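Counting starts at 1 for both ligands and their atoms, in listed order. In this text the structure is predicted, and so the values were computed from the model without any measurement.
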Amino acid sequence: MIIMKMIKVVQGDITKMKVDAIVNAANTTLRGGGGVDGAIHRAAGPELDIACARFHGCNTGEARITPGFRLPARYVIHTPGPVWHGGNHGESSLLHNSYFNSLQLAEQNQCETVAFPSISTGVYSYPLDAAAQVALTTIKDFLQTSKSVQTVFMVCFDSQTLAAYQQAYQQLGIQ
Ligand code: AR6
């Protein structure tokens with residue numbers, strides 16, 4: 001059987017995605033916030049914060065998994081991306097770690113479909129074009145050897161983010 005693995009760049013609201021796991025651009029407390037984190041906590045319901053509290057935080061670039069509760073997604077994978085401090089503070093490797101560790105958790109939990117938001121490019125100010133390169137390169141490399149994870153969605157909230165990821169996608173020559 002031939003299985004086509006793929007990355008799909010789409011525009012939309014990640015809380016509506018019917019996938020095995022959505023990824024949350026969290027902060028190191030894992031106790032909710034604004035942006036996509038706030039939207040995910042509101043849509044999942046208060047059980048999500050109770051589940052997150054048990055982790056007592058999470059370091060930047062690491063990831064933790066919870067159920068999706070009231071979301072259409074089965075799981076939420078929470079990862080604090082790096083705050084942009086000019087680019088010489090390990091930002092790109094920390095951002096790589098956020099994507100890689102999230103995908104590893106998805107794989108360990110037998111997820112076939114995973115959806116990411118654009119981690120760190122909102123409140124954390126990571127430049128969009130550079131973030132898109134790191135995100136898509138990490139996902140593409142991971143899919144080369146993944147067994148369970150088949151389809152990864154990049155869910156872009158606004159048209160500027162969509163354009164940046166579409167451009168990076170073409171530059172990387174994906175599919
Ligand atoms: N679906 C998809 N993407 C979304 C949604 C949504 N519903 N809502 C916003 N975005 P940000 P960060 C996009 O700021 O930069 C939080 O307070 C948004 O337009 O949410 O990693 C956390 O608690 C942008 O493109 O995350 C942290 O304190 C992208 O998601 C901090 O913000 C990421 O923007 C994390 O900052």
What's the shortest distance from atom 21 (O) of ligand 1 to any protein heavy atom, and which residue and atom give it? Ser120 N, 2.8 Å
Are any of the side-chain heavy atoms of Lys5 and Ser146 separated by less than 4.5 Å? yes
Could you tell me if the side chain of Ile139 sits less than 4.5 Å from the side chain of Met154, heavy atoms only? yes
What's the shortest distance from atom 20 (O) of ligand 1 to any protein heavy atom, and which residue and atom give it? Val36 N, 2.8 Å
Are any of the N/O atoms in Val123 less than 3.5 Å from those in ligand 1? yes
Can you sort out which atoms of ligand 1 are near Thr121, meaning under 4.0 Å from one of its heavy atoms? 15 (O), 25 (O)
Nearest protein heavy atom with distance in Å, relative to atom 26 (O) of ligand 1: Ala25 CB, 3.9 Å
Decide yes or no on side chain to side chain contact (heavy atoms under 4.5 Å, CB included) for Glu112 and Val149, but give the supporting numbers first. CA-CA 4 Å; Glu112 293 182 8; Val149 177; over 6 Å; no
Hey, which of Ile65, Ile22, Leu103 is the one that makes side-chain contact (heavy atoms from CB on, under 4.5 Å) with Ile77? Ile65
Flag yes if more than 12 heavy atoms outside Gln171 fall under 6.0 Å of its CD atom; otherwise flag no. yes
Short N/O distance, under 3.5 Å, between Ala26 and ligand 1? no
Measure Asp158 to ligand 1 on non-hydrogen atoms and call it side chain, backbone, both or neither using the 4.0 Å cut-off. side chain
For atom 27 (C) of ligand 1, what is the closest protein heavy atom, and at what distance to 0.1 Å? Tyr124 OH, 3.5 Å
Contact between Phe153 and Val114 at the side-chain level, heavy atoms closer than 4.5 Å - yes or no? no
Closest to atom 15 (O) of ligand 1 among protein heavy atoms sits Gly122 N, 2.8 Å
Protein heavy atom at shortest distance from atom 17 (O) of ligand 1: Gly34 N, 2.7 Å
Which is closest to atom 13 (C) of ligand 1 by heavy-atom distance: Tyr126, Phe157, Phe116? Phe157
Protein residue, atom and distance nearest to atom 22 (C) of ligand 1, heavy-atom basis: Asp37 OD2, 3.5 Å
Apart from Val123 itself, what residues make up its hydrophobic cluster, given side-chain heavy atom links below 4.5 Å? Val83, Tyr124
Could you tell me if the ring centre of Phe142 sits under 6.0 Å from that of Phe100? yes
Report yes if some heavy atom in the side chain of Asn109 is under 4.5 Å from a heavy atom in the side chain of Tyr75; otherwise report no. yes
Distance under 4.0 Å to a non-hydrogen atom of Gly33: what atoms of ligand 1 satisfy this? 17 (O), 23 (O)
Distance-only N or O hit between ligand 1 and Ser118, under 3.5 Å: no
For residues 24-34, tabulate all N or O donor-acceptor pairs below 3.5 Å that involve a side-chain atom, not counting sequence neighbours.
unit_1	atom_1	unit_2	atom_2	d
Asn24	ND2	Asp37	OD1	2.7
Asn24	ND2	His78	ND1	3.4
Asn27	OD1	Thr29	N	3.0
Asn27	OD1	Thr29	OG1	2.5
Asn27	OD1	Leu30	N	3.4
Asn27	ND2	Gly32	O	3.1
Thr29	OG1	Arg31	N	3.0
Arg31	NE	Asp49	OD1	2.8
Arg31	NH2	Asp49	OD2	2.9

Could you tell me whether Asp13 and ligand 1 have an N or O pair separated by under 3.5 Å? yes
Checking the N or O distance criterion of under 3.5 Å, is ligand 1 in contact with Ile14? yes
